[in-house]
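Below is one structure; the comments refer to it alone.
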Amino acid sequence: MRYWLMKSEPDEVSIDDLEARRTVPWFGVRNYQARNFMRDAMQVGDLAFFYHSGCPVPGIAGLCEVTAPAHPDLTQFDPASPYFDAKSSPDDPRWVCVDVRFLRKTRLVPLAELREHVELAAMPVLQRGNRLSITPVGEAEWRFVTERLMRSGS
DNA sequence: GCCAACGTTGGC
DNA sequence: GCCAACGTTGGC
């Protein structure tokens, strides 16, 4: 069982959207490293921080769980989708996604707050220049955030 | 809107 | 294989 941090722009899929839909395919990843995490390392039952990016206060907004292993991301075949990839074919899909299930909302734990804790300093999401939309989280980091930072949260 | 950082593309 | 140009991400 592993832990992850998964970025989503709330304008596209927010934690409230995930709560309403219960389970969503993690479509739209177009970075090989992030894809490889989903394809090669993620397993059903893994837990993830649902992170809001590209918004006024970026940070962790909730928790979710991987419920389906990597499968082709159908948006790559849809010419109307912003994630369309003309170089990918159904015979040999380039992009995959896992499914994630809503677990719970938490209080928003801002990126700036995560940076305040030396216990979290090694998290990839905090590293300079990090842009990966999916990054691993260590068990100690997971426990620190869920047990120390979210305890009084909603 | 700016810009640092990084990934991808494509000419050579 | 190199690397310049370009595009994207995403915090601020």
Review point. Separation of A/D85 atom CG from B/dT8 atom C1', in whole Å?
Key: 12 Å

Check your understanding: Going by atom types alone, do A/T75 and A/D73 pair a side-chain donor with an acceptor below 3.5 Å?
Key -> yes

Exercise for review: Provide, to the nearest angstrom, the distance between the CZ atom belonging to A/R30 and the C1' atom belonging to C/dG7.
Suggested key: 16 Å

Review point. Can you check whether A/K7 has a side-chain N or O nearer than 4.0 Å to OP1 or OP2 of C/dG10?
Key: yes

Exercise for review: Give a yes or no on whether A/R94 atom CZ has more than 12 heavy-atom contacts from other residues, nucleotides or ligands under 6.0 Å away.
Suggested key: yes

Exercise for review: Return the nearest nucleotide to the side chain of A/Y32; candidates are C/dT9, C/dG11, B/dT8.
Suggested key: B/dT8

Review point. So does A/R2 have more than 12 non-hydrogen atoms from other groups sitting under 6.0 Å from CZ?
Key: no

Check your understanding: When the distance from CG of A/N31 to C1' of C/dT9 is rounded to whole Å, what number comes out?
Key -> 10 Å

Revision key, fill the gap. Separation of C/dT9 atom C1' from A/L5 atom CG, nearest Å, is 15 Å

Exercise for review: Under the ring pair (Phe, Tyr, Trp, His ring centres under 6.0 Å) rule, collect the residues that match up with A/F144, sequence neighbours excluded.
Suggested key: A/H117

Study note, to complete from the structure: Out of C/dG10, C/dG11, B/dG7, minimum distance to the side chain of A/S133 belongs to C/dG10

Show me the side-chain donor-acceptor pairs of residues 49-70 of chain A shorter than 3.5 Å, one per line, residues at least two apart or across chains.
{"from": "A/H52", "atom 1": "NE2", "to": "A/I15", "atom 2": "N", "distance (Å)": "3.0"}
{"from": "A/E65", "atom 1": "OE1", "to": "A/R101", "atom 2": "NE", "distance (Å)": "3.3"}
{"from": "A/E65", "atom 1": "OE1", "to": "A/R101", "atom 2": "NH2", "distance (Å)": "2.3"}

Check your understanding: Between B/dC6, C/dG10, B/dT9, which one does the side chain of A/K87 approach most closely?
Key -> B/dT9

Exercise for review: Starting from C1' on C/dT9, measure out to CD on A/E9 and report it in whole angstrom.
Suggested key: 8 Å

Practice item. Could you tell me whether the phosphate oxygens of C/dG11, OP1 or OP2, come under 4.0 Å of any side-chain nitrogen or oxygen in A/Y51? Key: yes

Exercise for review: Round to a whole Å and report the spacing from CH2 of A/W95 to P of B/dT8.
Suggested key: 7 Å

Review point. Roughly how many Å is it from CZ in A/R131 to C1' in B/dC6, rounded to a whole number?
Key: 4 Å

Check your understanding: Nearest to the side chain of A/L111 - C/dC12, B/dT9, B/dC6?
Key -> C/dC12

Review point. Rounded to whole angstroms, how far apart are CZ on A/R94 and P on B/dT8?
Key: 10 Å

